[in-house]
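Notes to accompany the following structure.
Bear in mind the structure is a predicted one, so any value in this text is a computation, not a measurement. Whatever order the structure lists ligands and atoms in, that order sets their numbers, starting from 1.
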Amino acid sequence: MKDQIPAIQSDALARIAEANDSRSLEDVRVAILGKKGTLTQAAAGMRDVPKEDKAEVGQLLNSARQAITAALEEKQVALQSLADEKALEGIDVTLPSRDVPAGALHPLTVIRDEAIGILRRMGFALADGPEIEDEFHCFDALNTPEDHPARNEKDTFYFDSGKLLRTHTSSVQVRTMESTQPPVRIIAPGSAYRRDEIDATHLSVFNQLEGLFVADDVSLPDLKGTLEYFLRELFGTDTEVRFRPHFFPFTEPSFEIDVKLTVKGQAPRWIEVAGCGMVDPAVFESIDNGRKDDAFHPDKVTGFAFGMGLDRLAMIRWGIKDIRLLIENDIRFLKQFA
Ligand code: PHE
């Protein structure tokens, strides 16, 4: 036994040295340390070793095992680095790498975040509401009568349940006033849906940014000042802005806002970017009827509201001529914003 162990050890070390791939190294390991391996069998012979020799033999066994295990590990590492070297053979590591295309925010995201940033600095907080709405929040509470064209099946996506895809973000005005106390100063960016014929300036899904300010003494100059300031922050201080009288069922008076677009080599033209107006007392009345706490009684509060087309703002900012570019994911278009 005492002579056997050093013999097993030197045989093992020789075989490990000879192994030239990890497969044959594994075979060597099994042949020596495996269940039926030579060293394992020798260790099993311990029980026949006379008592007085047990300590010495045990020590021999241990050091043999340690030496073999260390040699196996060392060889494994050496074989691996050899394999790595081989794998890199023929590869020119000094070649410049291929371009990794840089990602970027979508122009709509950029303009939305900028718009939110400006309005938040003015004290507006973010609000939210569902895109699948009911007729009450989309129309009735906004003083929009049953026979208004916006409620027509031809213009609005209705579900069988009677619910609909909101045609504007103005429904968030209602939801906010239902659930908070005045003063209210909120903005709500989000999608709106209409059964529009799709062309260069219309999509059936588009993006709006709603705004609502309600307090005890909000006036038309507040509305005008807020929106003019906003548009100049967004497009530059010399931006020309125009308020055109218009009609919305939920504001009175109502306006549409145009921004003058000057593109080099083209005649300047006015582009409509938003609808706005002073909240119609009929809207407050409807809220008041639902709440019954008088918080939004039309004698107590006044307010202004606006709804901007975010897609339009993006088109103006970057001179984008066709709104469809914003949803087509054409990499040649999007690359320009990277
Ligand atoms: N909701 C209107 C639209 O989508 C815009 C608007 C919002 C007008 C708020 C007035 C006040 O056209």
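At least one N or O atom of Gln208, backbone or side chain, sits closer than 3.5 Å to an N or O atom of ligand 1. Any N or O atom pair closer than 3.5 Å counts here, and Thr167 shares no such pair with ligand 1.
With 3.5 Å as the limit, one finds no donor-acceptor pair spanning the side chains of Glu285 and Asn289. Looking at Asp84 and Ser81, their side chains never bring a donor and an acceptor atom within 3.5 Å of each other.
Ring-plane geometry between Phe255 and Phe243 is classed as perpendicular, the angle between the planes exceeding 60 degrees on a 0 to 90 degree scale with a lower cut at 30.
Those atoms of ligand 1 with a heavy atom of Glu210 less than 4.0 angstrom away are 7 (C), 9 (C). Near Ala305, meaning under 4.0 Å from one of its heavy atoms, ligand 1 places the atoms 9 (C), 11 (C). The atoms of ligand 1 that sit less than 4.0 Å from any heavy atom of Phe250 are 1 (N), 2 (C), 6 (C), 7 (C), 8 (C), 9 (C), 10 (C), 11 (C). Residue Gln173 approaches ligand 1 through these ligand atoms, each under 4.0 Å from one of its heavy atoms: 9 (C).
Under a 4.0 Å heavy-atom criterion, Ser254 is not in contact with ligand 1. Look at Phe304 and you'll find every heavy atom at least 4.0 Å from all atoms of ligand 1.
Using a cut-off of 4.0 Å between Lys/Arg side-chain N and Asp/Glu carboxylate O, Asp258 and Arg269 are scored as not salt-bridged. Salt-bridge check for Asp134 with Arg175: passed, with a basic side-chain N closer than 4.0 Å to an acidic carboxylate O. A salt bridge does not link Arg23 with Asp27: every distance from a Lys NZ or Arg NE/NH1/NH2 to an Asp or Glu carboxylate oxygen is 4.0 Å or more.
Residues Ile116 and Ile187 form a side-chain contact, since some pair of their non-hydrogen atoms from C-beta on lies under 4.5 Å apart.
Nearest protein heavy-atom contact of atom 7 (C) of ligand 1 is Gly307 N, 3.3 Å.
Counting heavy atoms under 4.0 Å from ligand 1, residue Phe306 touches it through the backbone alone. With a 4.0 Å heavy-atom cut-off, ligand 1 is reached by the side chain of Arg194 but not by its N, CA, C or O. The proximity of Cys276 to ligand 1, defined as any non-hydrogen pair under 4.0 Å, is limited to the backbone.
You'll find the ring centres of His168 and Phe248 outside the 6.0 Å limit.
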